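What follows is one structure encoded as structure tokens, with my remarks underneath.
Bear in mind that the values here come from a model prediction, so they are computed numbers and not experimental data. Each chain gets a letter, A, B and so on, in the order the sequences are listed, and its residues count up from 1. Note that these values count all heavy atoms, side chains included, but never hydrogens, waters or copies made by symmetry.
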Number of protein chains: 2
Amino acid sequence: MKKYEMILYDLEGKIKNKTVKENELLPSENELVKHYDASRATVRQALKILEERGLIQKQKGRGSVVIASSKLNFPISGLTSYKELQASLGFESSTHVVTFEKLIIDQELANQTLFKLGTEVWHILRTRQINGKAVVLDRDFIKYDIAPDMTREAVADSLYHYLENQLNIDISFAQKEITIDFINDEDKKRLDLNPLDRHVVSVKSHVFLNDATIFQYTDSRHQVDKFQFTEFARRQKR
Amino acid sequence: MKKYEMILYDLEGKIKNKTVKENELLPSENELVKHYDASRATVRQALKILEERGLIQKQKGRGSVVIASSKLNFPISGLTSYKELQASLGFESSTHVVTFEKLIIDQELANQTLFKLGTEVWHILRTRQINGKAVVLDRDFIKYDIAPDMTREAVADSLYHYLENQLNIDISFAQKEITIDFINDEDKKRLDLNPLDRHVVSVKSHVFLNDATIFQYTDSRHQVDKFQFTEFARRQKR
DNA sequence: TAGTGGTCTAGACCACCCG
DNA sequence: GGGTGGTCTAGACCACTAG
């Protein structure tokens with residue numbers, strides 16, 4: 001384990017178990033340097049990550065304050081998979097794999113997914129049930145040659161768990177888009193929708209590996225009244 | 001101007017005007033050190049910011065690649081105000097101030113806004129017109145003592161511009177939430193909605209200053225087919 | 001005025017990628 | 001094996017906050 005990770009996890013623990021309470025100051029950087037026997041740069045690397053995650057706010061001339069709203073801040077932002085989300089929120093749900101097949105990208109799919117024409121991909125369609133109702137419909141396209149041995153069972157559990165822990169694939173970043181789309185035939189067929197609803201929430205993502213190549217396109221379609229998206233955002237200075 | 005900002009702006013410019021093309025490598029950190037006559041830590045500080053903004057992807061043992069999807073990546077994420085968004089997207093629009101008043105937080109508002117009971121706030125209701133149609137309804141509550149001299153005219157232009165450039169207020173971070181809400185009476189009265197629509201998109205934000213105190217609560221309500229939210233997200237290693 | 005975080009330097013060793 | 005980014009050190013000066 002790297003030194004800055006040690007410091008990060010230790011401080012994160014102290015914030016989460018309230019050893020340092022909300023609106024209180026962390027020890028100063030110089031004190032942390034002594035306490036962890038590290039250089040100031042290393043301590044600052046750990047503090048930077050806590051700040052990015054919205055756990056602390058640094059103030060010049062004063063110190064690092066623990067942010068009060070951490071109780072509000074649950075992690076749908078960043079890049080979080082359904083399975084992780086389910087675990088962190090603690091509700092019961094199940095996944096049904098509707099379609100699991102290999103196909104080749106045609107012109108129409110190429111425009112939508114950003115995969116090159118002719119690329120071999122897995123095409124996966126899954127529904128997510130909460131309390132027996134299908135409330136989310138996920139359509140995934142995943143580069144075939146990255147995961148040729150994928151199985152129906154693996155994707156029924158968690159796609160990301162399989163890719164990261166079984167295959168050691170380095171998922172790096174994504175471009176996401178949220179829009180409100182009209183319900184289509186597939187939505188109507190697969191989801192338990194309110195008959196008065198005309199729309200679903202669509203979250204479309206292009207997901208890239210560490211080498212900046214695209215490896216996944218997803219369209220996740222949610223029943224409107226079951227959808228919530230939260231994020232912690234910092235103001236960009238220009 | 002700080003040295004790392006110089007380097008940041010220079011590299012940002014070279015990426016945006018295609019001096020370094022997509023999927024190509026930036027000069028190595030050591031080359032940048034020589035070129036800018038800076039230490040490696042300073043160069044790395046600039047590169048870190050480019051990486052956070054989704055302009056480059058760093059790869060150990062290889063270099064920093066310019067990310068191809070920058071054309072897709074427009075800045076609704078982070079903390080961006082309507083006025084800035086309008087400017088960056090280039091469409092024509094206007095703002096109408098419906099309500100501009102001072103009021104005191106009661107129990108119900110305290111729960112919703114997170115302002116303490118009895119806090120004095122500005123209450124501002126604005127509609128945003130595109131092509132003559134009211135498509136967004138913004139309701140703002142802003143801590144009164146931070147901006148006691150605010151005027152109706154200032155908020156008709158841009159609230160954030162006024163607060164940051166006129167008052168030098170240090171807006172720092174926000175907790176945001178996107179949900180699909182049922183249309184209420186105020187929405188019906190102020191927005192030009194499709195008569196078949198039952199929902200609006202609601203973006204609720206708690207906005208905090210650098211000292212971690214709350215100074216603004218906003219509920220921004222959008223006509224469903226005019227709404228789009230995009231973000232660049234990085235996978236969090238756990 | 002003492003202490004804080006922000007910026008910057010010059011050096012070092014490592015793991016990793018690629019030819 | 002040579003070059004890359006990742007981690008870490010020991011120092012320095014500055015701007016800012018607070019008592």
- Query: Within the structure, does a side-chain N or O atom of B:Thr42 lie under 4.0 Å from either OP1 or OP2 of C:dT7?
  - Reply: no
- Query: Rounded to the Å, how far apart are B:Lys58 NZ and C:dA15 P?
  - Reply: 19 Å
- Query: Could you give the OH-to-P distance, from A:Tyr4 to D:dT7, as a whole number of Å?
  - Reply: 4 Å
- Item | Length of the line joining B:Arg44:CZ and C:dT7:P, which is rounded to integer Å | 16 Å
- Query: For the pair made of CD in B:Glu31 and C1' in D:dT4, what is the distance, rounded to whole Å?
  - Reply: 10 Å
- A:Asn30 has a side chain; which of C:dT4, D:dG5, D:dT9 sits nearest to it? C:dT4
- Message: Taking 4.0 Å as the cut-off, does a side-chain nitrogen or oxygen of B:Gln45 come that near to OP1 or OP2 on C:dT7?
- Response: yes
- Message: Heavy-atom count check: over 12 atoms from other residues, nucleotides or ligands less than 6.0 Å from A:Glu101 CD?
- Response: yes
- Find which nucleotide of DNA chain D each of A:Lys2 and A:Gly61 is nearest to by heavy atoms, and output the residue with the more 5' nucleotide. A:Lys2
- For D:dG11, the Watson-Crick or wobble counterpart (both distances under 3.5 Å): C:dC8
- Rounding to a whole Å, what distance do you find between A:Glu29:CD and C:dT4:P? 9 Å
- Query: At under 4.0 Å, does any side-chain N or O of B:Ser28 touch on OP1 or OP2 of D:dT4?
  - Reply: yes
- Between the side chains of A:Ser28 and A:Asn30, is a donor N or O closer than 3.5 angstrom to an acceptor N or O? no
- A:Arg62 CZ - D:dC16 P separation (whole Å): 17 Å
- Note on the structure: When rounded to whole Å, the NZ to P distance for the pair A:Lys60 and C:dG6 reads 7 Å
- Message: Between the base of C:dT4 and the side chain of A:Arg40, is there a donor and acceptor pair under 3.5 angstrom?
- Response: no
- Query: Touch check for B:Asp37, heavy atoms < 4.0 angstrom, all strands: base, sugar-phosphate only, or nothing?
  - Reply: sugar-phosphate
- Close side-chain approach of B:Phe115 and B:Ile214, heavy atoms under 4.5 Å: yes
- Task: Indicate whether any N or O donor in one side chain lies under 3.5 Å from an N or O acceptor in the other, for A:Gln216 and A:Thr218.
- Result: yes
- Expressed in angstrom and rounded to an integer, what is the separation of A:Asp170 atom CG from C:dA15 atom P? 18 Å
- Message: Within a 6.0 Å radius of atom NZ on B:Lys14, are there more than 12 heavy atoms belonging to other residues, nucleotides or ligands?
- Response: yes
